[in-house]
Each structure stands twice: as structure tokens, then as C-alpha cells.
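Here the structure comes first, spelled out in C-alpha cells, and everything after it is commentary.
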There are 2 protein chains.
Amino acid sequence: MGRVSDAKMRLMDAVLELLWTGSYGSTTIDQICEKAEVKKGSFYYFFESKSELAAEALAASWQDRQAELDRMFSPMVPPLERLRKYCDFSYKIQQEIKQKYGRVLGCPQFALGAEVCTQEDRLQKKIQEILDYKRRYIESAIRDAHAAGLVHAPDAAAKARMILAYYEGVLTQARIQNDVEVLRDTVGGMFAMLGVKEETAAAV
Amino acid sequence: MGRVSDAKMRLMDAVLELLWTGSYGSTTIDQICEKAEVKKGSFYYFFESKSELAAEALAASWQDRQAELDRMFSPMVPPLERLRKYCDFSYKIQQEIKQKYGRVLGCPQFALGAEVCTQEDRLQKKIQEILDYKRRYIESAIRDAHAAGLVHAPDAAAKARMILAYYEGVLTQARIQNDVEVLRDTVGGMFAMLGVKEETAAAV
DNA sequence: CATTTTCTTTACTAAACAGACAACTATAAA
DNA sequence: TTTATAGTTGTCTGTTTAGTAAAGAAAATG
């Protein structure tokens, strides 16, 4: 009962866009409100701080993303093909982003995580959680690839951490250089790290 | 002639520490001045903005770092050992940093680059320049390793970009997770990417 | 239709902030 | 010892910022 509103959602959309196209420290509550067309009084009705809004918005956007990852990393998909799909997907997303904003923006969690990790503990926890979810998708693909004899990776967890670091590193490099082409052969680096033979790689 | 001063240097030291332990957006000119024990009037005597100070400070600190890299990447050092020395060096630095600040701080250029790339053009250019210098060290090591038959890497430039992305990714992950152990086997990932055989890797 | 609840709006405070300026001080060189 | 130069200081400006509070408007429910 009572009045209904989508202001909360508009605030979450606004903050995500501002964080991604700019940075956490440079986006103000006033800016967020202006972009969301919400008065500051309403902002404080829904959230108690910028960091709380950011954490909630990140969590919500991860929910959406997760559904897509579930499809890409389905056990029905051959394990190495999962990684390829993931890289193709990132490449496509970044191309669209560049079309839309005139800039490659990379991975919002990773960029934000590196920025706020020494300052915003609550937000930081949420980001670590999301990055850990990502790692698990990769880890299960590696484990399946190992079981199928496609790669030799007895320690799938360590390999997954390595590959995630590489993946995020490449995306961040693309952001810094504002160049999607950096992402062209991301999967090549992953396969090299896993010691996938060239013939196998080509077949995937 | 005239009065002498080390205020400029103090300001550069202060901003580097604040950027590294915090972020660009969250450090204010007042904070920098306070840490450097310099009045704001003097700040504006030496620099016209925070971004100019940051760019100069980054360039100066890179100069120091470069001498160490020249030693590590000397053509007198076997090419794969250069990479190993580089990883060992990073690990040691981050351990010291964690001792000193209670936190792993990763790579200042990369973190800063990801934060400001959509906003501070001048600063961004300087960061890209420094990251490109780093890439060249790695590239020449790879080229020499290829020439020596240690690895198969006809496109050394592309491989170097990959390895730099991985290296920076791992450092950033260490920052986000505040854990040096993430860096323990950085060189293992590099060698895997280069397809170095285990026997060779152990020998380096 | 009334009333309770949910949301919105406006106006406000106090602090932090960037940036400018004129007066002041130290010192290297003439 | 003078003087030009390089650097310092305190004070002031206006603006942007986070955050509050109280009154008002819409709508779901009885």
C-alpha cells in the first residue's frame, strides 16, 4: 500500500552508468540524482549513502549477468568452448559499449574494486564476492576440461585465478587504451595458459 | 638565485602515497598539502592542478623505477630469467608495502589509469606512455627468448601485451583481495603463456 | 470516501573544496 | 650590502558537496 515508484531503480541505473563511464570518487550524489531525475530527498529515502547505492546496484546488475553466464557455462557446452564463448561475449559487449559511449569501459567490478578497495569496506566485500563468482565459472570449465583430458590442470582453482587475472587485466588494458582490438585474442591467452594444443584450440 | 625549497618534491611524494593508498578522486589538494606540509599557496606556485602534479609525480617515480628495470632486463641476463626477476621483484615490493601500510597496493599506474582514463586526458597520456615502456621490456625479453629457441613466439609484441595484461591483472587482484599470496606464482602464468616447458622453467 | 502508508519536494545547514591574491621572507648573486 | 629572484604565508572568495527535516502529494486498502 501507499505510493508506488521506480525511483530506486532509476537511481541504480544512473549510478552504474556514472561509475562505469567515470569513477566512484568523481561521481557525486547530486549527479546521480540529476541523471536519475530524482530529488536528493528521495535518494536518502531509499539509500543511506553512495556506497550503499553502489553496492546494491552492482549486486542487481550481477543478477542479470549471471543468467547469461549460466547459459555460456552450461555443462552441456564443451568446456573449452565455454571459455571461448565468454571471451566472444566480452568482446561483443565492449564493442557495443564503445558504440554507445565512444569509449571502451572494461569491467565495472574490477575497475571499481581497484579504486575503492582501500576505502569502502562494504562495497569492497560485495565486489570480491562477485569476482569470486566469476572465478567459479572458469574453475568448473577448467575442471571439466581436465577431466575430459583436454588440458592438464590438476589444480583448477589456481589456474582459474590466473585466467581470471588475465581476463580482467586485458579488459582493463582495453579500457585504459580505449581500444577493443586489445580483446581480439583473449581466448588465445587463456588457452596458452592452459597448455591447449593448437589443433585442439582450432577445433573448439 | 633566490630562495631554495624542496616543497615541490614533498608534494610529489605526498601525492604518490595518497594516490596509491587511496584513489585519485578521493584525494584532495588540501590533503596533499597537509601531508606534504606545504601551504596551498605554494601548491599553486608549483602546479596548476592536481592532475598536473599527479602526472609529474608519476613521471618522476617512473624514472627511478626504470633504473631497476634496466638492471633486471639487462641483455646480460638470460631472457626468461629476466621475467622471473621481474616477478620476484614485484612480489618483494608488495610484501614491503603490505608491511608498511597494512595493505597490498598493486600497481599505481594501472589502478590510476583505470580510474582516470575517461576523465583526465593529460594524466592518462602519461600513464599510457609508462605502461608502454613496461611492455617494451617484456617484449625484448620475449624476442630474445624466441631467438634463443627457448620459446616459440614469432609475434613478440602481441605476446608481450598479453603478458603485461596478465601481470597487471594479477597485481590488481592482489590489491583487491589484499593478499600477496596471489602473486606467488606470477611467473608460472607467464611461462605457461609462452609455452615454456616445465624442465626449462625449472632450470631458469 | 477516508485514512494510512509510501514516496516526493523544497528549503535549508554546515562543511569541504578549488582557486586567487597580496604581502611577506629568505637567499644567491652582483 | 644591496637587489632581484624564488619561494612562503594567511586570508579571502564563491562554489560544490553531503546530509537533514518538515510539509505535501499520490495511491492502495478498508
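Here is the naming used below: chain letters follow the sequence lines, and residue numbers restart at 1 for every chain.
Between the P atom of C/dC24 and the OH atom of B/Tyr45 lies a distance of 18 Å, rounded to the nearest Å. Note: CD (A/Glu34) to C1' (D/dT16) measures 13 Å, nearest angstrom. Atoms CG (B/Asp6) and P (D/dA6) sit 17 Å apart, rounded to a whole Å. If you measure from atom CD of B/Gln31 to atom C1' of D/dT17, you get 15 Å, rounded to the nearest angstrom. Here the P atom of nucleotide C/dA20 and the CZ atom of B/Phe47 are 16 Å apart, to the nearest Å. Counting to the nearest Å, the C1' atom of C/dC12 and the CG atom of A/Asp30 are 14 Å from each other. We find that CD of A/Glu37 is positioned 14 Å from C1' of C/dT8, with the value rounded to whole Å. As rounded to whole Å, 12 Å separates atom C1' of D/dT5 from atom CZ of B/Arg3.
Side-chain contact of A/Glu168 with B/Thr172: a donor-acceptor pair under 3.5 Å is absent, judged by distance alone.
Considering only side-chain N and O atoms, A/Thr28 lies nowhere under 4.0 angstrom from the phosphate OP1 or OP2 of D/dT16. In this model, the phosphate group of C/dA20 is not approached by any side-chain N or O of B/Tyr44 to a distance below 4.0 Å at OP1 or OP2.
Place A/Glu48 and B/Phe43 on DNA chain D by their nearest nucleotides, and B/Phe43 ends up nearer the 5' end. In terms of position on DNA chain C, the residue among B/Ser49 and B/Gly2 whose nearest nucleotide sits closer to the 5' end is B/Ser49.
The side chain of A/Ile29 lies closest to D/dA18 when the candidates are D/dG10, D/dA18, C/dA18. With C/dT10, C/dC7, D/dG7 as the candidates, the nucleotide lying closest to the side chain of A/Lys39 is C/dT10. For B/Val4, whose side chain is taken as the heavy atoms from C-beta onward, the closest listed nucleotide among C/dA28, D/dT8, C/dG19 is C/dA28. Relative to the side chain of A/Ser42, the nucleotides C/dT8, D/dT8, D/dA18 differ in distance, and C/dT8 lies closest.
Note that CG of A/Asp88 is 10.0 Å distant from CE of A/Met72, once rounded to the nearest 0.5 Å.
Residue side chain B/Lys40 reaches the base of C/dA18 through a donor-acceptor N/O pair under 3.5 Å, judged by distance alone.
By the 30° and 60° cut-offs, the orientation of the rings of B/Tyr101 relative to B/Trp20 is perpendicular.
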May I have the step-by-step check of side-chain contact (heavy atoms from CB on, under 4.5 Å) for B/Trp62 and B/Glu129, ending in yes or no?
-> CA-CA 11 Å; B/Trp62 171 247; B/Glu129 195 187 307; over 6 Å; no

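The distance between the ring centers of A/Tyr86 and A/Tyr137 does not fall below 6.0 angstrom.
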